[in-house]
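These notes concern the structure reproduced below.
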Amino acid sequence: MTEPVIARPKPWLVRLEKKGRKYWWCACGLSANQPFCDGSHKGTGIQPVAYEAKEDGEEVLFCGCKHTRHPPLCDGSHNNLGEVYEEASAEEIAASADIPVTPPDAQGRALLDGGCFVLTPDPAMSSRLDGWHILPLIGENTGARHLAQYRLEANGPTAPLDFGPGSEAVLFCHAGRGRLIIEERVFPLAPMTGYHLLAGERVRVDPEDEEPAVLIATQCPLGPTPQPMPEFSGRFDDRMAERARAFDPAARARMADRFYQVLVGPETGSEQVTLFIGEIPRSRAAGHRHLYEEAILILSGRGFMWTQGARAAVAPGDVIFLPARQVHSLECTDPAGMRLAGAFYPAGSPAINY
């Protein structure tokens, strides 16, 4: 036996009760006690893999497809078992056919199940401080537990912005060009580019010409509302000199017929948050969950965000908030496909779902 048997495509969510205890993951796919080994691998040449619990009650996703590159944990490899990303079944579509579209409330939020919502931001509601127009999008007051998100607009040079001493922040440039400065370090400001601030660092922007700069900032963990300061803190972390990464189609990772590129994440040194760009074709994903809390900005394309018993329309500029573990499905109805920018806590791979 050279290849494992696919026990099931998606991973198992497992709660490990005892810190320091070893749990043996079935690598061959033959165990009747999935995802754990029951000895069925004997004679196959495929050995089980031990995982030691890091804390009491640790929750992990053990790979079910047996093709993970990081055994025993799921790494999203199940998404590439076929040519098409798993789509909603005919039964799922039929069961939800009569669900009406949830309209936005007075704050522009369409409220769905489990605290999920779709928000159409109103820039006119922004606060104006020292060159910044700051509009809160997601925070503790909207049900978030781990991240906050803001729309930032600048029509000229700004004061340095501080996100608090204990929070990392990622910024996605939605519009505008010029310079983005982190603690006196200058980076080109351009659309479809992600930027990373470590805890204690401050940022300002200097847009070119008269075009305003628009950035979506995600703060992890939750902290105070970002505040303009008279000067930089002088705390740039030289161990991470590269803080900007632009969208590059050649650098995309494949998930069947979908694609994503990580702009900021564990591979770039982020301990708290991942920022990525995703691309999906006209389709409706099967309902699934993530262990992370996520915010999504729709860049292009239209469609619907579905939860168990509700749906809301999504369009370019809309923001989606997804609590951890919330069942959801994003549908693209646009023949040209949909592009989005997502940020989530804790940092990890956008490909992992269950």
Side-chain angles (χ1 to χ4, degrees), residues 105-109 111 115 117-176 180-183 189 194-207 212-236 243 264 270-275 292-297 317-324 341-347:
D105 61 15
Q107 287 74 46
R109 290 188 297 157
L111 303 175
F117 63 79
V118 175
L119 169 68
T120 301
D122 181 1
M125 300 301 292
S126 302
S127 300
R128 302 187 180 189
L129 298 167
D130 292 336
W132 293 100
H133 296 196
I134 303 175
L135 177 64
L137 303 175
I138 298 169
E140 190 171 14
N141 65 324
T142 63
R145 297 178 60 193
H146 301 292
L147 63 79
Q149 192 171 80
Y150 302 87
R151 182 185 186 274
L152 307 176
E153 182 173 334
N155 296 291
T158 67
L161 196 64
D162 187 287
F163 286 85
S167 299
E168 290 188 34
V170 292
L171 294 86
F172 177 77
C173 182
H174 197 193
L180 182 141
I181 303 99
I182 303 173
E183 297 294 342
L189 178 66
Y195 306 88
H196 183 198
L197 274 70
L198 296 183
E201 295 177 342
R202 298 171 183 171
V203 62
R204 72 176 187 86
V205 296
D206 185 5
V214 178
L215 301 104
I216 304 299
T218 307
Q219 174 195 47
C220 295
L222 275 168
T225 301
Q227 296 292 325
M229 306 298 286
E231 58 188 18
F232 287 114
S233 70
R235 298 174 184 169
F236 188 87
R243 301 299 187 83
V264 178
S270 176
E271 298 178 356
Q272 303 286 351
V273 59
T274 289
L275 171 66
Y292 50 73
E293 187 172 84
E294 184 175 18
I296 296 171
L297 169 68
D318 285 347
V319 170
I320 302 168
F321 172 64
L322 274 170
F344 60 83
Y345 171 96

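Index from 1, following the sequence. Computed from a prediction, not measured in an experiment: that's the story for all the values here.
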(request) Search all heavy atoms of T158 against all heavy atoms of G131 and return the closest pair with its distance. (result) CG2-O, 3.6 Å
(message) I need the I138 CD1 to Q149 CD distance, nearest 0.5 Å.
(response) 4.5 Å
(request) Rounded to the nearest 0.5 Å, what's the gap from CG on L180 to CZ on R204? Could you check? (result) 9.5 Å
(message) Would you say that L119 contacts T142 through its side chain, given a criterion of any heavy-atom pair below 4.5 Å between the two side chains?
(response) no
(request) Might you point out which heavy atoms bring S167 and P221 nearest each other, and give the distance in Å? (result) OG-O, 2.8 Å
(request) Determine the minimum heavy-atom distance between G342 and E294, stating which atoms define it. (result) CA-OE2, 4.5 Å
(message) Using every non-hydrogen atom in the two residues, find where P207 and A213 come nearest and quote the distance to one decimal.
(response) CG-CB, 4.0 Å
(request) Identify the two heavy atoms, one from A159 and one from P228, that lie closest to each other, and give their separation to 0.1 Å. (result) CB-CB, 4.1 Å
(message) Applying side-chain contact (heavy atoms from CB on, under 4.5 Å), can you list everything that pairs with P165, at least two apart in sequence or on another chain?
(response) none
(message) Donor-acceptor pair, distance only, cut-off 3.5 Å: does the side chain of Q219 make one with the backbone of P224?
(response) yes
(message) Can you tell me how far apart CD1 (I320) and CZ (F117) are? Round to the nearest 0.5 Å.
(response) 10.5 Å
(request) Look up atom CG in N155 and atom CH2 in W132, then write down how far apart they are to the nearest 0.5 Å. (result) 11.5 Å
(message) Using modelled atom types and a 3.5 Å cut-off, is there a donor and acceptor pairing between side-chain atoms of R151 and backbone atoms of V214?
(response) no
(message) Can you confirm whether F321 sits close enough to E293 that some side-chain heavy atom of one is under 4.5 Å from a side-chain heavy atom of the other?
(response) yes
(message) What I'd like to find out is whether the side chain of P121 reaches to under 4.5 Å of the side chain of V319, using heavy atoms alone.
(response) yes
(request) Check whether any side-chain heavy atom of I181 lies under 4.5 Å from a side-chain heavy atom of V203, and answer yes or no. (result) no
(request) Test side-chain contact (heavy atoms from CB on, under 4.5 Å) on F172 and T218 and set out the steps. (result) CA-CA 9 Å; F172 177 77; T218 307; over 6 Å; no
(request) Measure the acute angle between the ring planes of Y292 and F344, then classify it against the limits of 30° and 60° as parallel, tilted or perpendicular. (result) parallel
(message) Which residue is it: E183, E201, H196? I am looking for the one with a side-chain hydrogen bond (donor to acceptor under 3.5 Å, both in side chains) to R243.
(response) E201
(request) Determine whether L215 and L189 make a side-chain contact, defined as any pair of heavy atoms from C-beta on separated by less than 4.5 Å. (result) yes
(message) Minimum heavy-atom separation for L147 and A343, please, with both atom names.
(response) CD2-O, 4.1 Å
(message) Could you check whether any side-chain heavy atom of R202 comes within less than 4.5 Å of a side-chain heavy atom of L161, counting everything from C-beta outward?
(response) no
(message) Within the structure provided, determine whether Y195 and L275 are in side-chain contact (heavy-atom separation under 4.5 Å).
(response) no
(request) For the pair S270 (side chain) and V264 (backbone), establish whether a donor and an acceptor sit closer than 3.5 Å, ignoring hydrogens and angles. (result) no
(request) Decide side chain to side chain donor-acceptor pair (under 3.5 Å) for S126 and E153; before the verdict, give the C-alpha distance in whole Å, the side-chain angles of both, and the deciding distance to 0.1 Å. (result) CA-CA 9 Å; S126 302; E153 182 173 334; 6.0 Å; no
